> 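I'd like to ask you about the structure that follows.
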Amino acid sequence: AVLQPSEALHKKAVLVERGSFRPVTHVNVDMLQAALEKFTADPAVAGKAVLPLMEITMHNLLAATAEVDRRDFLARADLLSACGFTVLISDFSEYYRLAAYLAWRTKERVGIVMGAASLIELFDEKYYTALPGGILESFGRLFKNELKVFVYPLRPSESAPMTTVETLEVAPELRKLYGYLADRGSFMQLHNIKSEYLHIFSRDVLKRIAAHDASWEQMVPAEVAEMIKKRGFFGYAKGKGES
């Protein structure tokens with residue numbers, strides 16, 4: 001069913017996870033569940049209606065031809081829906097614009113969940129050249145309504161160190177800004193995670209699908225694997241190693 005944002009968001013606290021979801025993996029689900037546990041425990045949110053959202057921005061859907069691959073996009077939305085998630089389609093490349101959109105439609109708290117890699121990107125000044133106040137203005141807009149960012153750790157491999165709010169490195173000239181935001185509680189590190197999922201990345205799932213390596217099925221929710229195989233999403237085709 002297609003929902004009207006003004007009705008769906010009205011008087012609800014909102015927790016949103018942005019992603020490519022190509023495809024949705026165990027990590028995507030664990031991120032939202034871990035953040036939801038912390039979000040609903042906030043005294044300002046406890047006891048209130050909460051709407052968890054999976055958001056796909058159109059800016060991440062553009063192919064090299066600058067045209068949206070509609071079949072690919074619909075596959076992502078269908079897979080998220082199959083997992084029981086409400087999907088928000090936006091046209092906001094910047095997080096502060098997403099936050100403003102949500103704040104305009106609800107007076108309750110808003111939370112954003114992202115991986116540590118996305119938090120690193122959030123501190124890349126090249127994304128804020130269009131703002132007169134640059135990165136300072138962007139963070140002022142993002143956090144002005146007590147918004148919190150819930151951060152899922154990053155560990156590219158079992159031998160690699162884990163990147164968290166405490167260990168994340170930003171450009172030297174931004175360290176004091178990062179420290180200020182971290183100290184004021186704008187970032188909340190998620191420790192209530194399933195560490196066995198940290199090695200899962202969507203790009204690896206896609207590679208394994210292309211290589212007919214059935215191990216990809218263990219990297220995504222069962223309903224996602226079933227739908228990918230049934231509908232032939234992401235170039236899936238029965239082959240060696242598939243049953």
Side-chain angles (χ1 to χ4, degrees), residues 3 5 8-9 12-42 45 48-61 72-73 75-103 105-106 108-123 127 142-143 145-155 163-165 168 186-195 197-203 205 219-221 223-224:
L3 305 175
L9 300 172
K12 293 186 179 70
V14 179
L15 179 66
V16 58
E17 176 183 338
R18 165 174 288 182
S20 64
F21 307 115
R22 192 173 186 266
V24 58
T25 68
H26 285 309
V27 168
N28 299 131
V29 176
D30 193 42
M31 283 178 66
L32 191 67
Q33 290 177 341
L36 191 60
E37 182 179 323
K38 298 297 184 183
F39 187 60
T40 55
D42 186 326
V45 177
K48 296 184 178 179
V50 176
L51 177 63
L53 294 174
M54 292 296 206
E55 183 243 7
I56 308 175
T57 174
M58 296 294 286
H59 283 267
N60 288 345
L61 297 177
D72 184 271
F73 157 65
R76 305 184 207 188
D78 284 348
L79 291 172
L80 287 167
S81 296
C83 293
F85 296 120
T86 300
V87 183
L88 171 66
I89 308 300
S90 84
D91 192 32
F92 309 127
S93 58
E94 304 90 351
Y95 277 102
Y96 69 82
R97 293 183 63 204
L98 172 62
Y101 175 86
L102 297 173
R105 287 161 176 78
T106 181
E108 301 299 336
R109 288 294 175 87
V110 173
I112 294 177
V113 55
M114 65 177 69
S118 295
L119 183 57
I120 293 172
E121 285 193 356
L122 199 65
F123 277 82
Y127 295 118
L142 180 62
F143 293 112
N145 294 315
E146 302 295 330
L147 180 143
K148 285 188 182 295
V149 170
F150 298 88
V151 183
Y152 198 84
L154 170 68
R155 188 171 65 194
T163 302
T164 66
V165 170
L168 187 144
S186 296
F187 309 133
M188 177 172 285
Q189 181 62 50
L190 296 173
H191 298 288
N192 55 329
I193 66 162
K194 295 180 179 177
S195 58
Y197 291 157
L198 285 176
H199 70 286
I200 298 175
F201 296 91
S202 292
R203 61 178 179 271
V205 175
M219 303 168 76
V220 303
E223 53 268 47
V224 170

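For this chain, numbers begin at 1 and follow the sequence in order. Please read all numbers here as calculations on a predicted model, not as lab measurements.
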> So Leu79 and Val220, do their side chains get closer than 4.5 Å, heavy atoms only?
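No - every pair of side-chain heavy atoms lies 4.5 Å or more apart.
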
> Going by heavy atoms in the side chains, are Val205 and Pro23 under 4.5 Å from each other?
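The answer is yes, as the side chains (C-beta and beyond) meet within the 4.5 Å cut-off.
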
> Could you tell me whether Arg76 and Asp72 have a side-chain N and a carboxylate O separated by less than 4.0 Å?
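Yes.
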
> How long is the gap from NZ on Lys148 to CD on Glu146, to the nearest 0.5 Å?
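Output value for this atom pair is 7.5 Å.
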
> Could you check Val87 against Ser81 for side-chain contact (heavy atoms from CB on, under 4.5 Å), going step by step and ending with a plain yes or no?
CA-CA 7 Å; Val87 183; Ser81 296; 4.1 Å; yes

> Rounded to the nearest 0.5 Å, how far does CZ of Phe21 lie from CG of Leu80?
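Going from CG on Leu80 over to CZ on Phe21, the span is 5.5 Å.
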
> Any non-hydrogen side-chain atom of Val27 less than 4.5 Å from a side-chain atom of Leu198?
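Result no, sub-4.5 Å side-chain heavy-atom pair not found.
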
> Could you pull out all residues at least two apart from Tyr197 that satisfy ring-ring contact (aromatic ring centres under 6.0 Å, His included)?
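By the ring-ring contact (aromatic ring centres under 6.0 Å, His included) rule, Tyr197 matches His26.
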
> Working to the nearest 0.5 Å, report the span between CG of Leu98 and CG of Leu88.
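It comes to 6.5 Å.
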
> Could you measure the distance from the CG atom of Asn28 to the OG atom of Ser202? Nearest 0.5 Å is fine.
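So the CG of Asn28 and the OG of Ser202 are separated by 5.0 Å.
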
> Do Asp30 side-chain atoms and Ile193 backbone N/O form a donor-acceptor pair below 3.5 Å?
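No, the answer is negative, given that no donor and acceptor are paired below the 3.5 Å cut-off.
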
> Check whether Tyr95 forms a cation-pi arrangement with Arg18 (NZ or CZ under 6.0 Å from the six-membered ring centre, at most 45° off the ring normal).
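Because its charged atom sits under 6.0 Å from the ring centre and within 45° of the axis, Arg18 does stack over Tyr95.
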
> Salt bridge between Glu108 and Lys12, side-chain N to carboxylate O under 4.0 Å?
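Here Glu108 does not pair with Lys12 in a salt bridge, since their nearest N and O are not under 4.0 Å apart.
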
> Identify the heavy atoms of Leu147 and Ala99 that sit nearest to each other, and give their distance.
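Where Leu147 meets Ala99 most closely, the heavy atoms are CD1-CB, 3.7 Å.
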
> Are Tyr127 and Glu121 close enough that some pair of their side-chain heavy atoms sits under 4.5 Å apart?
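A side-chain contact under 4.5 Å exists here.
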
> Is the shortest heavy-atom distance from the side chain of Leu190 to the side chain of Val151 under 4.5 Å?
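Contact flag for Leu190/Val151 side chains = no.
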
> How far apart are the closest heavy atoms of Thr163 and Ala116, and which atoms are they?
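In terms of heavy atoms, the two residues are closest at O-CB, 3.7 Å.
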
> Give me the atom names and distance for the closest heavy-atom approach of Asn145 to Arg109.
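Residues Asn145 and Arg109, closest heavy atoms: O-CD, 4.3 Å.
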
> Would you say Leu168 and Phe187 make side-chain contact, with heavy atoms under 4.5 Å?
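Counting from C-beta outward, Leu168 and Phe187 never come under 4.5 Å.
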
> If you measure from CG on Leu122 to CD on Glu94, what distance do you get to the nearest 0.5 Å?
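Nearest 0.5 Å value for the CG-CD distance: 11.0 Å.
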
> Could you walk me through whether Leu15 and Leu32 satisfy the side-chain contact (heavy atoms from CB on, under 4.5 Å) test, starting with their C-alpha distance in whole Å, then the side-chain angles of each, then the deciding distance to 0.1 Å, before giving a yes or no?
CA-CA 8 Å; Leu15 179 66; Leu32 191 67; 4.0 Å; yes

> Mind running side-chain contact (heavy atoms from CB on, under 4.5 Å) on Val45 and Val50 for me, showing each step along the way?
CA-CA 8 Å; Val45 177; Val50 176; 3.6 Å; yes

> So, does Thr57 use its side chain to make a donor-acceptor pair with the main chain of Phe92 at under 3.5 Å?
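Pair found, side chain donor or acceptor close to backbone of Phe92.
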
> What distance do Glu37 atom CD and Phe150 atom CZ have between them, rounded to the nearest 0.5 Å?
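Those atoms lie 11.0 Å apart.
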
> For Asp42 and Phe39, indicate whether the former's side chain and the latter's backbone hold a donor-acceptor pair under 3.5 Å.
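No.
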
> Can you tell me if Glu55 uses its side chain to pair, donor with acceptor, with the backbone of Val16 under 3.5 Å?
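No, the answer is negative, given that no donor and acceptor are paired below the 3.5 Å cut-off.
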
> Are side-chain heavy atoms of Val149 and Phe143 found at a separation under 4.5 Å?
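SC-SC contact between Val149 and Phe143 confirmed.
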
> What are the two closest heavy atoms between Val29 and Pro221, and how far apart are they?
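Looking at all heavy atoms of both residues, the shortest contact is CG2-CG, 4.0 Å.
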
> Is a side-chain N or O of Thr40 found less than 3.5 angstrom from the main chain of Leu36, in a donor-acceptor match?
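Yes, Thr40 side chain to Leu36 backbone: donor-acceptor pair under 3.5 Å.
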
> Take Met188 and Lys38 through the side-chain contact (heavy atoms from CB on, under 4.5 Å) test and state the conclusion after the steps.
CA-CA 9 Å; Met188 177 172 285; Lys38 298 297 184 183; 3.8 Å; yes

> Leu154 and Ala117: which non-hydrogen atoms are nearest, and at how many Å?
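Here Leu154 and Ala117 meet closest at CD2-CB, 4.1 Å.
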
> For residues Gln189 and Pro153, report the shortest heavy-atom separation together with the two atoms involved.
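Where Gln189 meets Pro153 most closely, the heavy atoms are NE2-CD, 3.5 Å.
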
> Give a yes or no on whether the backbone of Met54 and the side-chain of Glu17 come within a donor-acceptor separation of less than 3.5 Å.
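Not a single qualifying donor-acceptor pair exists.
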
